[in-house]
Amino acid sequence: MRKKIAVLPGDGIGPEVMHEAIKVLDATAKKHSLDFNYEYADVGGTAHDKHGTALPDKTLQVCKSSDAILFGSVGGPKWDNLPKEKKIERSSLLALRKYFGFYANLRPAILYPQIVNISPIKGISLNGFDIMVVRELSGDAYFGNSILEEDWASDEMKYTKQQCRRIAKIAFEIAMKRKKHVTCVDKSNVLSSSIFFRNSVTEVSKTYPDVKMDCMYIDNATMQIIKRPMDFDVIVTTNLFGDILSDEAAMLTGSIGMLPSVSLNENGFGLYEPAGGSAPDIAGKGIANPIAQILCAALMLRYSFNMEKPASSIEGAVKKILEDGYRTKDIIETGMKEVGTKEMGNLIAEKIK
Ligand code: IPM
Ligand code: MN
């Protein structure tokens, strides 16, 4: 069956890495007799420059009529001084999250044995780790009342029972398929919204007696995740803490250029986006790591299209290429072969064929 994919490359390294992800998807389609129809649309600063808005109506229409959204990245220093309501990230990515009701953001952080030596904590983490950060995406300071005045400013961290329970459920369901361990990360020694979140997650945990649940304050969690990353399985947390903690977990794997993420709504519709940003400092140089974007494509096949075999064939190809010693600049070590964005995409696509 033909699957329609909305392709939103965006800014910075977005278009370069997206090009490689599409290449890999094409190779996968050929190999597994699949039919993908791509519809490209502008988003982010690029869209702002062209159409005066970071999320044009046309783009929204393309997304609405698609089976999944493959997203690159948005933003960059060029647009840093726009007024609050025009800010690229707010008016494109956050607007998309709000519009489609993406509430569950899954961010796997896996330390691949092939690149264990580039992890900043290689001494502690030699056995590798596999953490799934389940970030609540629809509430908290991101979507609360936000006021910016001359002499004062405020952001409301609001959560409803329904928001907390549905993300907790996702976390426990995922844990059931993994090591059956959920850690709730919050700041319930200070914040009401955190007390509420923790209580709600604890309530939901009662319906999953096979899953072990523990709780941790965010400040402690940032330390423990460095000290003993292998002790974590699924982390469920609020929007802002999830934003921060998922970046930290990603960096422990050696490079944020390796990690995909998915945002899902209640109908299972998904947006797939690399965990890293638009990396304007290396944009256009042909050196960005396309693996995160390529793994986004794999996650899309798995979660949105239920195509497990093609998804694992992409993931398998990535591992093989790493085993063969090919590395982009961000994950290079002595004795390995350095390749650019395009070459890495070609190698992975070839492996699939
Ligand atoms: C992310 C990003 C976004 C966020 C920004 C670009 C708005 O950092 O997806 O993690 O803070 O959620
Ligand atoms: Mn972030």
Side-chain angles (χ1 to χ4, degrees), residues 8-14 17-18 42-48 53-55 59 63 69-109 131-144 146 148 155-159 163 167 185 218 221-222 225 235-253 255-265 270-281 283 288 292-293 295-296 299-300:
L8 278 51
D11 310 321
I13 60 168
V17 294
M18 187 65 86
D42 294 324
V43 74
T46 317
H48 173 270
T53 162
L55 184 64
T59 301
C63 292
I69 306 170
L70 196 54
F71 193 92
S73 48
V74 291
K78 182 176 176 198
W79 304 283
D80 271 355
N81 293 323
L82 290 172
K84 185 178 132 187
E85 60 286 354
K86 282 250 160 198
K87 285 235 176 278
I88 297 299
E89 291 86 345
R90 263 185 123 100
S91 55
S92 60
L93 191 52
L94 295 199
L96 273 172
R97 287 175 185 170
K98 189 167 184 169
Y99 183 86
F100 287 104
F102 294 128
Y103 73 92
N105 184 219
L106 314 183
R107 301 194 159 181
I131 302 172
M132 176 68 93
V133 179
V134 177
R135 168 185 175 191
E136 203 295 323
L137 204 60
S138 70
D140 205 354
Y142 277 74
F143 294 102
S146 163
L148 180 54
D155 295 286
E156 174 192 40
M157 298 172 111
K158 185 174 167 186
Y159 266 118
Q163 283 175 312
I167 196 67
V185 172
I218 177 67
T222 61
I225 206 174
I235 290 177
V236 64
T237 187
T238 48
N239 202 347
L240 184 56
F241 298 151
D243 178 41
I244 299 162
L245 209 57
S246 62
D247 267 22
E248 191 194 15
M251 196 60 230
L252 296 187
T253 68
S255 172
I256 199 161
M258 300 280 296
L259 302 175
S261 87
V262 46
S263 305
L264 295 167
N265 72 12
L271 177 148
Y272 298 81
E273 168 199 9
S278 58
D281 51 323
Q293 192 78 56
L295 293 174
C296 278
L299 279 191
M300 175 180 75

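We count ligands from 1, going down the list as the structure has it; atoms in each ligand are counted the same way.
Every side-chain hydrogen bond (donor to acceptor under 3.5 Å, both in side chains) that Asp155 has, sequence neighbours left out, goes to Ser146. Taking Lys158 as the reference, nothing meets the side-chain hydrogen bond (donor to acceptor under 3.5 Å, both in side chains) condition, with sequence neighbours excluded. Under the ring pair (Phe, Tyr, Trp, His ring centres under 6.0 Å) criterion, Tyr103 pairs with no residue at all, not counting sequence neighbours.
Each of the atoms 1 (C), 9 (O), 10 (O) of ligand 1 lies under 4.0 Å from some heavy atom of Arg107. With ligand atoms numbered from 1 in the order given, ligand 1 contributes 1 (C), 4 (C), 9 (O), 12 (O) to contacts under 4.0 Å with heavy atoms of Arg97. For ligand 1, the atoms closer than 4.0 angstrom to any heavy atom of Asp243 are 1 (C), 4 (C), 8 (O), 10 (O), 11 (O).
The backbone N or O of Ser91 lies less than 3.5 Å from no partner atom in the side chain of Lys86, so there is not a single donor-acceptor pair. Remark: side-chain polar atoms of Thr59 are not paired, donor with acceptor, to backbone N or O of Leu55 under 3.5 angstrom.
Among Glu273, Arg135, Glu89, Arg90, the residue whose heavy atom sits closest to atom 7 (C) of ligand 1 is Glu89.
Among protein atoms, those of element N, O or S found less than 2.8 Å away from the Mn ion (ligand 2) are Asp243 OD1.
Here the closest heavy-atom approach between residue Leu264 and residue Gly270 is recorded as CD2-CA, 3.9 Å.
Nearest to atom 4 (C) of ligand 1 among the protein's heavy atoms is Tyr142 OH, 3.4 Å.
Residue Asp281 places its CG atom among more than 12 non-hydrogen atoms of other residues, nucleotides or ligands, all under 6.0 Å distant.
Judged by a 6.0 Å distance limit and a 45° cone about the ring axis, Arg135 is not positioned over the six-membered ring of Phe102.
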